[in-house]
Colleague: 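To start, I am sharing the structure in question, which I have written as C-alpha cells.
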Amino acid sequence: MKVKLRWRRRGNKAKMGPLEKGGTKLCAIYTRKSTDENLDQAFNSLDSQREYCGAFIKSREPEGWQLYPHDYTDPGWSGGNMDRPGLQTLLADARKGKFQVVVCYKYDRLSRNTKDFLEILDIFDKHGVAFVSVTQPIDTTSSVGRLMRSILVDFSQFERELISERTRDKMAAMAKKGRWLGHPIIGYDFDYEKKALVVNEAEAAQVKEMFETYIRTRSLSLTALALNARGCRMKCWTSRTSKNRIGGRKFNKCNLFYLLTNPVFIGKVRHHGNIYDGEHKAILDPELFARVNKLMELNGAGRRHQPKRKDIGHTFLLQGLLRCGSCGYAMTPNFSHSRGNKFFYYRCLPVTKLNWSACCVKNLPAGKLEEFVLERLSSLAAQPELIRRMVAKVQDRAAMGLPEKQQEKIRLAPELGKLESRIANLVAVLSEEGASSPRKADILGELEKLSAAKAQLTARIEQIARDIQALEERRIEADVVQNNLRSFGRVFAKVPPKEQQELVQLMVREAVYERETNSLRLSFRILPEMKWEFDDEGLVLKPVKLSCPTRIRT
C-alpha cells in the first residue's frame with residue numbers, strides 16, 4: 001500500500017496537504033471512558049462504543065470505508081484535557097496520514113472541552129482527516145450543522161465543569177474532616193474499608209531516619225544517596241483495579257523534597273495550601289518536622305525556578321529521543337546563562353534529580369547533536385535507492401508474515417467457539433440439577449479446566465491480533481517514513497520549529513550516546529541501526545558517507 005505525501009503552499013507558508021489514497025478510506029475508531037469502573041468486565045462501555053463504531057464503518061463499506069486495525073482507546077481518562085495517551089497516539093498517527101477518517105460514538109468521547117475539541121478538529125483538517133460521530137450525525141458542511149456541533153460540545157464542557165465542581169467541593173469537605181486524599185505514602189498503609197491511614201511501623205522508622213539524615217547532611221542529594229545506599233525506597237503498594245505493584249522507586253531530590261515538606265507525618269492534612277488536623281496518627285515529633293523545614297528554607301531548597309520551555313528560545317529536536325548509554329536514562333533538555341549568553345544542552349536525568357556525580361556523561365551540547373542528526377537524515381534522504389530497498393525489505397517481511405498469522409487466527413476462532421459452547425452446556429446442566437447435584441464437583445472441575453483453556457486460547461488470539469496489527473502498521477509506517485525522507489531536505493527549513501521537532505520524531509526512533517566510544521547510535525524508524533563517531537573534543541562531528549549495501553539487515 002503506497003501513500004503519497006503532497007506539500008502545498010498557502011500564502012507564504014509551506015503546509016502539508018492531505019494524504020491521498022485512492023478510493024479507500026481507512027477509518028480509525030477512538031473510544032474513551034472517564035472512570036476505570038467495570039473495566040474488568042467481559043463486556044464494558046468501551047466494547048459497546050467500539051461495536052457501534054465498527055458497525056457504522058461496515059455500513060459504509062460500499063463507499064470504500066475500511067476499519068484501521070489499531071485500537072485507540074483511553075480507559076479511565078477524563079475528556080477535560082488532551083493529556084491522554086490514546087488521543088495523543090491518534091493525533092500523531094493522523095499527522096503521519098495513517099488513516100483518513102476518525103469515528104467516535106459521541107462528540108464528547110473525543111473531548112469535553114470546546115477549545116480542545118476545535119484544536120483537535122483543526123489538526124484533523126490540516127492533515128486531511130475527517131471526523132464522524134455515530135450517534136450525532138450532524139452535517140458540518142452547513143452553517144446550521146456547525147452551530148449544532150458547537151452547541152453539543154459546549155453542553156459537554158458544561159457537564160464536565162459541573163462534575164469537576166462537585167468533585168472539588170467533596171474533596172475540600174473531606175480534607176476539612178482530616179481525610180487523606182492522595183495515594184498511599186511511606187510510613188502509612190491505607191485502610192480501604194475505613195478509608196483512613198494506618199501507621200506502618202517499619203516504614204515509620206524509615207521516615208524518622210530520612211528526617212534525621214537531612215539534619216546531618218543538610219542536603220537533599222546527599223540525603224537521597226544515603227537512603228538509597230541503605231536500601232530505603234519510596235512507598236510501594238498494590239493497585240486495587242489493575243493489581244499491579246506501584247511505587248518503590250529510589251529517592252531523589254524531587255520526591256525527597258515532597259516528603260520532607262509534607263505535614264502528613266505530624267498528623268496533618270494539606271489541601272490547596274490549607275492545613276487541617278488529620279484523622280490519622282502522627283509518626284514524627286512536630287519539633288523535628290519544623291526544624292527540617294527551617295533548614296530547607298535557609299538552604300533555599302525548592303526555590304529555583306526554571307522558565308517554561310517555550311520561553312527559552314530553542315526547540316529541542318531530540319526531546320524524548322536521546323538516551324545516555326552509560327546510565328541508561330533519558331537525557332532531558334536544559335539550558336544555562338553566562339555573561340548574557342544562553343547555552344542549550346541535554347543532561348542525564350539522574351544528574352538533574354540527584355547530583356553531579358550521578359552519571360559520568362552529565363551534559364551534551366544540544367546544537368551540535370541536533371546538527372549532526374539533521375546531517376544524517378539529509379545523507380539518508382540523498383540516497384533514494386538505499387531507502388527504497390530498505391523499505392521494500394520491511395514491507396516484504398510484513399507481507400510474508402501476515403497470511404500465516406491471519407490463517408492461525410481463523411483456525412483458532414472455531415476452537416474458542418467450541419470451548420465457550422461446552423462451558424455454556426455445563427453451566428446449564430449445573431443450573432438445572434441444582435446445588436445438591438451429585439455431579440457438582442465433577443462439573444465444577446471440568447468447568448475450571450475449560451475456563452483455563454479458554455483463557456489461554458483467548459490470550460493467544462489476542463496476541464495474534466496484536467501481531468497482525470503490528471505488521472500492517474509497519475507496512476504503512478514504511479511508506480510514511482520513505483515519503484518523509486524524500487521531502488525532508490526541501491521541507492524541513494520551511495516549517496515552524498514545533499513541526500520540525502515532530503518531523504524528526506517521525507523518522508528517528510531513538511538516539512543513544514555512548515561515552516566509552518564517544519559515538520552516537522541512531523535508530524531510524526523501519527531502517528537498520530546506524531552508528532557514527534565524534535572527534536576527540538566531541539564538538540565537530542565526523543561526516544560519514546553512506547553507501548548502498550549489498551545486504552540489508554532490518
Side-chain angles (χ1 to χ4, degrees), residues 1-8 10 14-32 49-74 82 84 86-107 109-111 117-142 145-146 149 391 395 398 402 468-484 486-487 491 499 502-503 506 525-526:
M1 179 165 47
K2 295 186 177 180
V3 181
K4 294 182 179 179
L5 183 64
R6 294 196 300 114
W7 289 83
R8 66 188 181 198
R10 291 180 181 171
K15 292 187 178 181
M16 189 167 66
L19 289 164
E20 298 178 352
K21 191 180 153 302
T24 302
K25 294 179 181 178
L26 292 176
C27 305
I29 295 176
Y30 176 76
T31 58
R32 182 184 65 80
Q49 293 177 44
R50 195 175 299 109
E51 202 171 78
Y52 272 106
C53 294
F56 182 80
I57 293 170
K58 191 171 183 62
S59 70
R60 305 287 291 271
E61 279 185 355
E63 302 173 32
W65 287 36
Q66 291 184 9
L67 178 63
Y68 184 69
H70 189 78
D71 185 21
Y72 301 96
T73 183
D74 282 314
M82 295 174 62
R84 291 171 264 155
L87 177 63
Q88 291 303 319
T89 305
L90 177 76
L91 294 177
D93 288 352
R95 294 186 181 99
K96 297 176 185 178
K98 291 189 174 183
F99 44 78
Q100 289 74 47
V101 182
V102 173
V103 181
C104 278
Y105 179 67
K106 292 173 65 177
Y107 280 106
R109 297 304 88 194
L110 191 65
S111 179
F117 184 82
L118 296 176
E119 182 179 343
I120 293 169
L121 289 189
D122 185 54
I123 294 172
F124 288 164
D125 182 60
K126 284 181 179 178
H127 297 86
V129 177
F131 173 68
V132 177
S133 168
V134 175
T135 58
Q136 297 163 327
I138 296 174
D139 183 9
T140 56
T141 59
S142 67
R146 288 191 291 272
R149 181 184 66 186
V391 168
Q395 292 182 327
L402 268 174
I468 291 173
Q469 176 181 311
L471 289 171
E472 290 177 339
E473 286 183 352
R474 197 156 177 78
R475 293 169 65 184
I476 297 172
E477 185 182 36
D479 271 330
V480 173
V481 171
Q482 183 178 24
N483 289 325
N484 285 334
R486 284 174 179 170
S487 57
V491 169
E499 291 186 25
E502 292 175 355
L503 191 59
L506 283 176
R525 295 188 183 277
I526 68 94

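Predicted, not measured: the structure shown is a model, and the values here were computed from it. Along the sequence shown, residues carry numbers from 1.
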Colleague: If you define the side chain from C-beta out and look only at heavy atoms, does anything of Asp74 sit under 4.5 Å from Tyr30?
Modeller: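 Side chain of Asp74 against side chain of Tyr30, heavy atoms only: contact under 4.5 Å found.
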Colleague: To check you understand the geometry: which heavy-atom pair defines the closest contact between Tyr105 and Cys53, and what is its length?
Modeller: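 Closest approach of Tyr105 to Cys53: N-SG, 3.6 Å.
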Colleague: Please answer whether the main-chain N or O of Ala130 pairs with a side-chain N or O of Gln100 as donor and acceptor at a distance below 3.5 Å.
Modeller: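 No, because the side chain of Gln100 does not come within donor-acceptor range (under 3.5 Å) of the backbone of Ala130.
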Colleague: Distance from Ile29 atom CD1 to Leu67 atom CG, nearest 0.5 Å?
Modeller: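 So the gap between those two atoms works out to 5.0 Å.
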Colleague: In Å and rounded to the nearest 0.5 Å, what is the CD1 to CE distance from Ile120 to Met82?
Modeller: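 Reported to 0.5 Å precision, the distance equals 4.5 Å.
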Colleague: Does any N or O in the side chain of Gln49 come within less than 3.5 Å of the main-chain N or O of Arg32, such that one atom is a donor and the other an acceptor?
Modeller: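 Yes, Gln49 side chain to Arg32 backbone: donor-acceptor pair under 3.5 Å.
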Colleague: Look at the rings of Phe117 and Tyr107 and say which category their plane angle falls in: under 30° parallel, 30 to 60° tilted, over 60° perpendicular.
Modeller: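 Phe117 vs Tyr107 ring planes: perpendicular.
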Colleague: Mind checking whether Thr135 and Tyr52 have side chains closer than 4.5 Å, heavy atoms only?
Modeller: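 Side chain of Thr135 against side chain of Tyr52, heavy atoms only: no contact under 4.5 Å found.
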Colleague: Would you say the side chains of Asp93 and Tyr68 form a donor-acceptor pair under 3.5 Å?
Modeller: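 Asp93 vs Tyr68: no donor-acceptor pair found between side chains.
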Colleague: Can you tell me how far CG of Asp122 sits from NZ of Lys126, rounded to the nearest 0.5 angstrom?
Modeller: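 Rounded to the nearest 0.5 Å, the NZ-CG separation comes out at 4.5 Å.
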Colleague: Calculate, to the nearest 0.5 Å, the distance between atoms CG and OG belonging to Leu110 and Ser133 respectively.
Modeller: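 Output value for this atom pair is 9.5 Å.
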Colleague: Look up atom OH in Tyr72 and atom SG in Cys104, then write down how far apart they are to the nearest 0.5 Å.
Modeller: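 It is 12.5 Å, given to the nearest 0.5 Å.
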Colleague: Mind checking what makes side-chain contact (heavy atoms from CB on, under 4.5 Å) contact with Glu61, not counting sequence neighbours?
Modeller: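 For Glu61, the residues satisfying side-chain contact (heavy atoms from CB on, under 4.5 Å) (neighbours in sequence not counted) are Lys58.
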Colleague: Test Phe124 against Leu90 for side chain to side chain contact (heavy atoms under 4.5 Å, CB included), laying out the working first.
Modeller: CA-CA 10 Å; Phe124 288 164; Leu90 177 76; 4.0 Å; yes
Colleague: Residues two or more places apart in sequence or in another chain: which of them pass salt bridge (Lys or Arg N to Asp or Glu O under 4.0 Å) with Arg50?
Modeller: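 Asp47, Asp71.
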Colleague: Would you say Lys98 and Leu26 make side-chain contact, with heavy atoms under 4.5 Å?
Modeller: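 Answer no - side chains too far apart.
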Colleague: May I ask you to test the Trp65-Val132 pair for a side-chain heavy-atom distance under 4.5 Å?
Modeller: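 Counting from C-beta outward, Trp65 and Val132 do come under 4.5 Å.
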Colleague: Taking side chain as C-beta onward, heavy atoms only, is Ile57 less than 4.5 Å from Val101?
Modeller: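 When only atoms from C-beta onward are counted, Val101 and Ile57 do not touch, as no gap falls below 4.5 Å.
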Colleague: Donor-acceptor check, side chain of Thr31 to backbone of Thr73, threshold 3.5 angstrom: yes or no?
Modeller: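 No; judged by distance alone, with no hydrogens or angles, the pair does not exist.
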